[in-house]
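Taking it in order: structure first as structure tokens, then the write-up.
Values below: every heavy atom of this structure, side chains too, minus hydrogens, waters and symmetry copies.
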Amino acid sequence: MEIERWERSEEISDAEKKVIQEIWSRVYANCEDVGVSILIRFFVNFPSAKQYFSQFKHMEDPLEMERSLQLRKHARRVMGAINTVVENLNDSEKVSSVLALVGKAHALKHKVEPVYFKKLTGVMLEVIAEEYPNDFTPEAHGAWTKMKTLIYTHVTAAYKEVGWAQ
């Protein structure tokens, strides 16, 4: 049941898009710091994900990760991609295109297992909910859960498109 729910993206309503965009505007104002928090939590909770990053795969200490220029650069890239998706929630072709590029690059160039996108988007929700608790109402949580699923669905579709074999 869990896998099925993750593979099927629910339509995000106009009201939910507005909630996502309003919260994201506050999150993105602190883009680098929030992105770094997300990646550090991701790597602490899922240390096997570090295997794909030669520059910081041996780092264990969250403070050392926080100071890593490579990690900060990757955090900005992740947040930038999410920002493009959020800004274009009303343009499904643009969303598909951006996430297809992300998926194909991670499948073909970086050889990242697609399950890490599910884990990363889950961590993203945790961090945003903790850092913006007044904004993260039950309605916002529902909207962001759909957003998380949208990202994962599109990225994994790109993996399937390039013939990813696990």
Side-chain angles (χ1 to χ4, degrees), residues 2-3 6-7 19-89 95 97-137 140-141 143-159 162 164-166:
E2 180 69 15
I3 291 170
W6 268 99
E7 291 179 352
V19 166
I20 290 167
Q21 290 169 332
E22 285 173 358
I23 292 171
W24 184 253
S25 70
R26 288 188 274 294
V27 171
Y28 200 63
N30 300 307
C31 164
E32 188 172 324
D33 290 338
V34 176
V36 167
S37 294
I38 291 168
L39 288 184
I40 290 172
R41 169 97 47 102
F42 176 59
F43 292 135
V44 167
N45 291 354
F46 306 101
S48 61
K50 290 188 293 183
Q51 69 183 306
Y52 302 106
F53 298 92
S54 60
Q55 313 94 326
F56 46 86
K57 71 179 178 183
H58 300 296
M59 292 181 189
E60 299 295 326
D61 179 22
L63 286 173
E64 184 182 4
M65 286 185 222
E66 189 175 346
R67 289 189 297 264
S68 166
L69 295 178
Q70 292 89 356
L71 189 137
R72 288 190 163 278
K73 182 179 175 185
H74 194 69
R76 285 191 303 271
R77 288 174 54 196
V78 169
M79 297 298 278
I82 295 167
N83 187 58
T84 302
V85 171
V86 171
E87 285 181 344
N88 291 284
L89 280 175
V95 168
S97 169
V98 168
L99 293 175
L101 287 172
V102 169
K104 288 174 184 174
H106 284 78
L108 298 173
K109 183 178 178 188
H110 308 298
K111 311 276 191 242
V112 175
E113 294 284 333
V115 70
Y116 286 108
F117 282 92
K118 185 187 293 189
K119 294 174 180 181
L120 179 63
T121 55
V123 168
M124 178 183 75
L125 254 63
E126 285 175 16
V127 170
I128 293 172
E130 287 171 16
E131 295 203 13
Y132 301 88
N134 296 333
D135 296 323
F136 221 76
T137 62
H141 188 273
W144 275 94
T145 299
K146 288 182 180 181
M147 174 71 171
K148 171 178 81 166
T149 304
L150 172 96
I151 293 169
Y152 181 72
T153 301
H154 283 287
V155 167
T156 55
Y159 271 77
V162 299
W164 176 267
Q166 294 184 7

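Here the straight-line distance linking atom OG of S37 with atom CD of E66 works out to 7.0 Å at 0.5 Å rounding. Going from atom OH of Y152 over to atom OH of Y159 covers 9.5 Å, rounded to the nearest 0.5 Å. Taking NZ from K146 and CD1 from I151, the interatomic distance works out to 14.5 Å, rounded to the nearest 0.5 Å. If you take CD on Q70 and NE2 on H74, they are separated by 12.0 Å, rounding to the nearest 0.5 Å. Here H141 contributes atom NE2 and L125 contributes atom CG; the two are 5.5 Å apart, rounded to the nearest 0.5 Å. Atoms CG and CZ, from L71 and R76 in turn, are 10.0 Å apart once rounded to the nearest 0.5 Å.
When every heavy atom of Y116 is checked against every heavy atom of Q51, the shortest pair comes out as OH-NE2, 3.7 Å. Here the closest non-hydrogen pair linking M65 and F43 is SD-CB, 4.0 Å. When every heavy atom of I20 is checked against every heavy atom of L89, the shortest pair comes out as CG2-CD1, 3.9 Å. In this structure, Y28 and G80 approach most closely via the heavy-atom pair OH-CA, 3.9 Å. Closest non-hydrogen pair, G35 versus A75, comes out as C-CB, 3.5 Å. For L99 against L150, the heavy-atom pair with the smallest separation is CD1-O, 4.1 Å.
V44 is listed as a side-chain neighbour of P62, based on a closest heavy-atom distance under 4.5 Å. For the pair I23 and I128, the minimum side-chain heavy-atom distance is below 4.5 Å. D33 has its side chain out of reach of E131: every pair of non-hydrogen atoms, C-beta onward, lies at least 4.5 Å apart. Counting heavy atoms from C-beta on, the side chains of E32 and M79 never come closer than 4.5 Å. In this structure the side chain of W164 never reaches within 4.5 angstrom of the side chain of T156, judged on heavy atoms. A heavy-atom distance below 4.5 Å is not found between the side chains of F136 and E130. Here the side chains of D135 and V19 are not in contact, with every heavy-atom distance at 4.5 Å or above.
Within 6.0 Å of the CZ atom in R77, the count of heavy atoms belonging to other residues, nucleotides or ligands does not exceed 12.
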Trace of the side chain to side chain contact (heavy atoms under 4.5 Å, CB included) decision for Y132 with W24: CA-CA 10 Å; Y132 301 88; W24 184 253; over 6 Å; no

Pair H106-F117, side chain to side chain contact (heavy atoms under 4.5 Å, CB included): steps then yes or no: CA-CA 10 Å; H106 284 78; F117 282 92; 3.5 Å; yes

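Listed by first and then second residue, the salt bridge (charged side-chain N to carboxylate O under 4.0 Å, His left out) pairs involving residues 55-64 are K50-E60 (not counting sequence neighbours).
Although no hydrogens or angles enter the test, the distance criterion places a donor-acceptor pair under 3.5 Å between the side chain of S25 and the main chain of E22.
With sequence neighbours left out, the side-chain contact (heavy atoms from CB on, under 4.5 Å) criterion links V98 to T84, V85, K94. Annotation: ring-ring contact (aromatic ring centres under 6.0 Å, His included) contacts of H58 (sequence neighbours excluded): none.
Between F46 and F42, the two ring planes are tilted [angle within 30° to 60°].
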